[in-house]
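Just below is one structure, and these are the notes that go with it.
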Amino acid sequence: MPELPEVETIARGLAKRVTGEVVESVWLGQKKEPLKSPARQMAATLEQSRIAAVRRVGKHIVFDLERDDLARAPFPAKSRNRPDDVANAKQSLRGGPSLAGKRARPTPTRSSEKAQWIVHLGMTGRLQICSPEADIEKHTHAILKLASGRELRFVDPRRFGRLSVSAAADFDAGGMEPLEIDVDRLIQLFRGRKTPIKSALLNQNLLRGVGNIYADESLFRAGIRPRRRAATITREQFGKLHSSIQEVLREAIALGGSSISDYVDTEGKAGFFQLQHRVYGREGEPCLVCKTPIKRIVIAGRSSHYCPQCQK
DNA sequence: ACTATTTCCTGGATGC
DNA sequence: TGCATCCAGGAAATAG
């Protein structure tokens with residue numbers, strides 16, 4: 001559910017609150033789904049590094065990590081680990097997390113080392129900043145203990161979220177940023193594709209960050225039906241689509257994203273763009289332009305909402 | 001090289 | 001009230 005505007009909102013909030021923090025220690029849960037990198041490598045990369053920046057790339061939250069103190073170890077090289085090598089996984093959450101402590105003896109390094117911690121929230125992932133005394137929620141998969149005494153926690157009931165580290169600071173989410181791409185590039189991306197435009201918009205290898213809500217909303221504003229094959233869309237319509245996508249995303253960011261179900265930002269505040277939805281979640285309700293009932297169809301397993309009158 | 005379909009996961013909503 | 005079933009969604013994996 002968090003798409004570009006929600007992730008942008010969350011990343012901005014985090015940047016405000018944890019930039020400059022040092023990660024002292026890391027606890028990682030025993031569930032393996034949320035971890036794309038080996039637990040030991042992730043913990044070792046995070047521990048003793050400073051959060052230099054937090055930013056959004058597509059739907060990913062990227063924490064830029066730096067380690068410029070000569071006394072500290074360089075980021076660990078890629079290592080194969082035993083599958084059960086999960087940092088202190090057996091510790092009970094109830095008594096407070098035990099934090100993965102001792103690492104290998106630091107090897108002095110001359111250069112400033114960079115790495116990244118990459119968080120994808122999936123459907124239900126959340127990053128919390130809280131005091132160590134705060135109750136640890138069910139489905140907490142990672143806890144970063146910060147030098148300020150606070151904790152940064154990753155909670156994700158459905159476990160569609162993913163955590164990974166990129167040792168070389170070269171994380172590439174693929175695709176292009178929808179708020180940066182120009183019309184010609186957009187046309188290049190979609191031209192000639194037989195797939196429905198809705199599916200193309202959701203393909204993160206083309207545009208990164210657009211999800212189900214903003215795809216439907218953009219197509220409505222552009223007057224294009226979600227099932228339209230990308231290849232049949234005219235240059236002029238692509239122009240309209242390009243401006244619709246950017247308009248929808250910018251408005252949504254300005255309102256703090258869409259709070260569907262239980263989405264809240266890092267401060268616990270809800271977004272308000274859901275109040276501006278013109279088709280998403282409005283099946284059967286009258287189109288705000290022409291009063292025709294909004295239709296809901298399924299495209300590639302995704303519910304898609306549109307006005308049969310306004311969209312062609 | 002593309003495109004379409006299936007799979008992963010749990011909580012909330014719905015139905016009997 | 002309780003139990004079963006369905007649905008939501010992103011992206012990786014699989015199949016064509």
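In the text below, chain A, chain B and the rest are named by the order of the sequence lines, each starting its count at 1.
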- request: I would like to know whether A:Glu8 and A:Arg56 meet salt bridge (Lys or Arg N to Asp or Glu O under 4.0 Å); could you show each step before the answer?
  value: CA-CA 6 Å; A:Glu8 179 70 32; A:Arg56 176 195 63 77; 2.6 Å; yes
message: Out of the candidates A:Glu137, A:Arg150, A:Arg153, only one should pair with A:Gln128 under the side chain to side chain donor-acceptor pair (under 3.5 Å) rule; please name it.
response: A:Glu137
statement: Nt span of DNA chain B in reach of chain A heavy atoms at under 4.0 Å, 5' end first, is B:dT3 to B:dG11
Mind checking if [X] touches a base, just sugar-phosphate, or nothing, with heavy atoms under 4.0 Å?
X        : value
A:Ser303 : sugar-phosphate
A:Gly211 : sugar-phosphate
A:Arg208 : nothing

message: For A:Gly301 and A:Lys194, find the nucleotide of DNA chain B closest to each by heavy atoms; which residue's nucleotide sits nearer the 5' end?
response: A:Lys194
query: More 5' along DNA chain B: A:Gly192 or A:Phe160, using each one's nearest nucleotide?
result: A:Gly192
Over how many whole Å does the gap from [X] atom [atom1] to [N] atom [atom2] extend?
X        : N      : atom1 : atom2 : answer
A:Arg158 : C:dC7  : CZ    : P     : 14 Å
A:Ile299 : C:dG10 : CD1   : C1'   : 16 Å
A:Leu207 : C:dG10 : CG    : C1'   : 15 Å

So [Y] and [X], do their side chains get closer than 4.5 Å, heavy atoms only?
X        : Y        : result
A:Val279 : A:Glu217 : yes
A:Ile233 : A:Arg228 : yes
A:Leu179 : A:Leu4   : yes
A:Ile118 : A:Ile61  : no

task: Report the C-alpha distance between A:Arg50 and A:Glu21 in whole Å, list the side-chain angles of each, state the deciding distance to 0.1 Å, and finish with yes or no for salt bridge (Lys or Arg N to Asp or Glu O under 4.0 Å).
output: CA-CA 6 Å; A:Arg50 186 170 51 87; A:Glu21 276 276 16; over 6 Å; no
- prompt: Which nucleotides of nucleotides 11-16 of chain C have their base under 4.0 Å from a protein heavy atom (B), which only their sugar-phosphate (S), and which neither (-), written as one string 5' to 3'?
  reply: B-----
- prompt: Between CD of A:Glu251 and CZ of A:Arg221, what distance do you get to the nearest 0.5 Å?
  reply: 4.0 Å
query: Heavy-atom count around A:Asp135 CG within 6.0 Å, excluding the residue itself: above 12?
result: no
